[in-house]
Visitor: 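First, the structure itself, so that you have it in front of you.
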Amino acid sequence: MNNDNLFHNIHEECGVFGIFGHPEAANLTYLGLYALQHRGQEGAGICSSDGTKLFLEKSLGLVADIFNEKVIKKLPGHIAIGHNRYSTTGSSTIENVQPLMATYSLGSIAIAHNGNLIDIDPLKQRLERDGAIFQSTSDSEIILHLIARAKSGEPRERIANAVRQISGAFSLLLMTETELIAIRDPYGIRPLALGQIKDSYVVASETCAFDLIGANYIRDINPGEMLIINENGLNSIKIFNSVKPAHCVFEFIYFARPDSYIFDHICVNTVRKELGRQLAREHAVEADLVIPVPDSGVPAALGYAEESGIPFEFGLIRNHYVGRTFIEPKQSIRHFGVKVKLNPVRDALRGKRVIVIDDSIVRGTTSKKIVKMLRELGGAKEVHMRISSPPTIGPCFYGIDTPTRQELIASSHKIEEIRKYTTADSLGYLSIEGLRKVIPNSDIYCMACFNCKYPIEFQSKKVSQLELFE
Ligand code: AMP
């Protein structure tokens with residue numbers, strides 16, 4: 001096990017949705033999860049309450065395959081939370097699919113978590129010494145144990161006390177028989193938005209989930225806020241001291257859907273297009289076409305094309321029925337996956353000088369395959385790779401699934417070396433300054449994947465190894 005692996009437990013790069021006060025709570029949650037499917041394809045679950053009892057249905061697979069009328073009928077009530085789980089190596093078990101539910105002295109409680117906790121080992125060991133039996137390998141279960149084991153207090157006090165003991169990224173939805181509770185970590189790392197549909201409140205990772213059900217986006221759950229939603233309406237409690245926010249910039253670059261508004265009403269598509277424009281200003285090259293690596297490269301490619309005046313074309317077609325290649329556990333399968341996922345449009349590319357835009361290079365495998373494909377299958381004369389983010393040099397500990405530092409090609413290779421590896425005619429990454437120019441109020445963002453400046457200090461000994469990254 002290398003040093004980085006020490007920190008890479010189970011990643012919780014997921015989507016959450018919750019609703020209070022709607023007669024068809026589970027049905028709307030299903031729709032919300034459907035809109036958030038891009039945030040996790042490994043498994044999904046919904047927990048509902050009829051005011052007296054919690055009901056839970058979850059399974060491995062895609063939302064549309066798990067939930068049908070029969071399953072939704074088993075989820076009665078006016079409150080519900082749901083979760084889409086992202087797949088990572090070695091964790092594809094039903095036990096890890098959320099929401100997680102537990103029954104304790106005060107009743108039942110369920111949790112759906114987006115984000116990744118850090119420094120969990122000491123907490124987990126303490127709980128295990130005290131007799132806790134963990135049913136999953138998911139960090140989120142720790143929160144349930146902390147709540148259940150609190151000596152006294154109302155559920156909401158116990159919940160606040162529990163989350164004050166954890167560290168890392170957490171956009172959380174919890175529910176009891178009578179309440180929906182939304183919590184965001186003090187840094188506001190992952191997004192979490194509040195919406196309204198008639199008299200019901202909804203909370204979701206991204207606003208694209210609101211659009212599908214006709215809800216209005218009101219505001220974000222504030223960093224450090226616990227928002228209790230019950231029959232009396234909304235009750236906002238600040239449960240953490242204010243710190244400088246550290247929203248995840250990678251949500252803009254890759255993870256969130258372009259039609260979503262995140263981090264206080266900022267449109268993801270607008271940011272991505274602007275990143276493309278900035279990239280064009282920084283890395284101009286003579287060419288005949290600008291093509292995106294679909295889907296994540298599309299808005300940036302449009303921006304690049306607009307700024308450079310070079311025509312935009314769909315030169316690669318994506319098969320939408322294949323999971324994200326990144327999910328595949330083995331190197332060999334991932335290599336194969338790029339071909340399964342993308343195919344060049346030969347007629348558009350033949351003999352052309354092509355600028356291909358992707359949002360990021362992680363290991364470099366995808367770029368290498370794409371350049372080869374554009375040249376050999378597509379017949380492109382020149383292939384110029386442009387990346388709408390800076391070189392990815394630091395693994396994410398807060399919930400974006402990145403490999404270990406050693407596997408991040410840009411952590412150990414110069415840009416010219418990466419270009420050579422990908423066999424592109426030229427390669428240009430967006431600069432950090434360029435990224436900062438585009439992101440409004442950029443100093444309240446975590447950019448650790450690009451600058452190795454991690455906003456949350458690690459307490460455990462292991463993490464002093466992080467210094468290796470500097
Ligand atoms: P790689 O082949 O490892 O360089 O992966 C680069 C590709 O993965 C790019 O096309 C990105 O759009 C995509 N990508 C970047 N980050 C992630 C992530 N966290 N999960 C899934 N795909 C990603």
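Residue numbers count from 1 along this sequence. The figures that follow rest on heavy atoms only: side chains count, while hydrogens, waters and symmetry mates do not. Because the structure is predicted, anything quoted here is derived from the model rather than measured. One-based numbering, in listed order, for ligands and for the atoms of each.
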Visitor: Can we say E417 and K420 salt-bridge, meaning some charged N sits less than 4.0 Å from an Asp/Glu carboxylate O?
Guide: no
Visitor: Which pair of heavy atoms, one from M373 and one from P344, lies closest together, and at what distance?
Guide: CG-CD, 3.5 Å
Visitor: Would you please indicate yes or no on a ring centroid separation below 6.0 angstrom for F17 and Y30?
Guide: no
Visitor: Could you check whether atom CG of N68 has more than 12 heavy atoms from other residues, nucleotides or ligands sitting under 6.0 Å from it?
Guide: yes
Visitor: Give a yes/no verdict on whether any heavy atom in T402 is under 4.0 Å from an atom of ligand 1.
Guide: no
Visitor: Can you list, pair by pair, the side-chain donor-acceptor contacts under 3.5 Å of residues 424-440, counting residues two or more places apart and other chains?
Guide:
| residue | atom | partner | partner atom | Å |
| --- | --- | --- | --- | --- |
| D425 | OD2 | R375 | NH1 | 2.9 |
| D425 | OD2 | V383 | N | 2.6 |
| S426 | OG | H384 | ND1 | 2.7 |
| S426 | OG | R386 | NH1 | 3.0 |
| S426 | OG | R386 | NH2 | 3.2 |
| S431 | OG | E282 | OE1 | 3.2 |
| S431 | OG | E282 | OE2 | 2.8 |
| S431 | OG | G434 | N | 2.8 |
| R436 | NH1 | S442 | O | 3.4 |
| R436 | NH1 | S442 | OG | 3.4 |

Visitor: Below 3.5 angstrom, do we get any N/O pair linking V362 and ligand 1?
Guide: yes
Visitor: With atoms numbered from 1 as shown, which atoms in ligand 1 lie under 4.0 angstrom from a non-hydrogen atom of S296?
Guide: 12 (O)
Visitor: If you measure from atom 19 (N) of ligand 1 to every heavy atom of V293, D401, T422, which option wins on shortest distance?
Guide: D401
Visitor: As a check for students: among S360, G399, S388, G364, identify the option with a heavy atom nearest to atom 15 (C) of ligand 1.
Guide: S360
Visitor: Using a strict cut-off of 4.0 Å, indicate which atoms of ligand 1 neighbour a heavy atom of R363.
Guide: 1 (P), 3 (O), 4 (O)
Visitor: Should the pair K244 and Y187 be classed as cation-pi, given the thresholds of under 6.0 Å to the six-membered ring centre and 45° from the axis?
Guide: no
Visitor: Run the side chain to side chain donor-acceptor pair (under 3.5 Å) test against D288 and tell me which residues pass, sequence neighbours left out.
Guide: R353
Visitor: Show which atoms of ligand 1 fall inside a sub-4.0 Å distance from at least one heavy-atom site of I400.
Guide: 19 (N)
Visitor: Using heavy-atom distances, let me know which of Y86, Y254, F255 sits nearest atom 17 (C) of ligand 1.
Guide: Y254
Visitor: Considering D358, T366, D295, which one's heavy-atom position lies nearest to atom 10 (O) of ligand 1?
Guide: D358
Visitor: Determine whether the side chain, the backbone, both or neither of T365 has a heavy atom under 4.0 Å from any heavy atom of ligand 1.
Guide: both
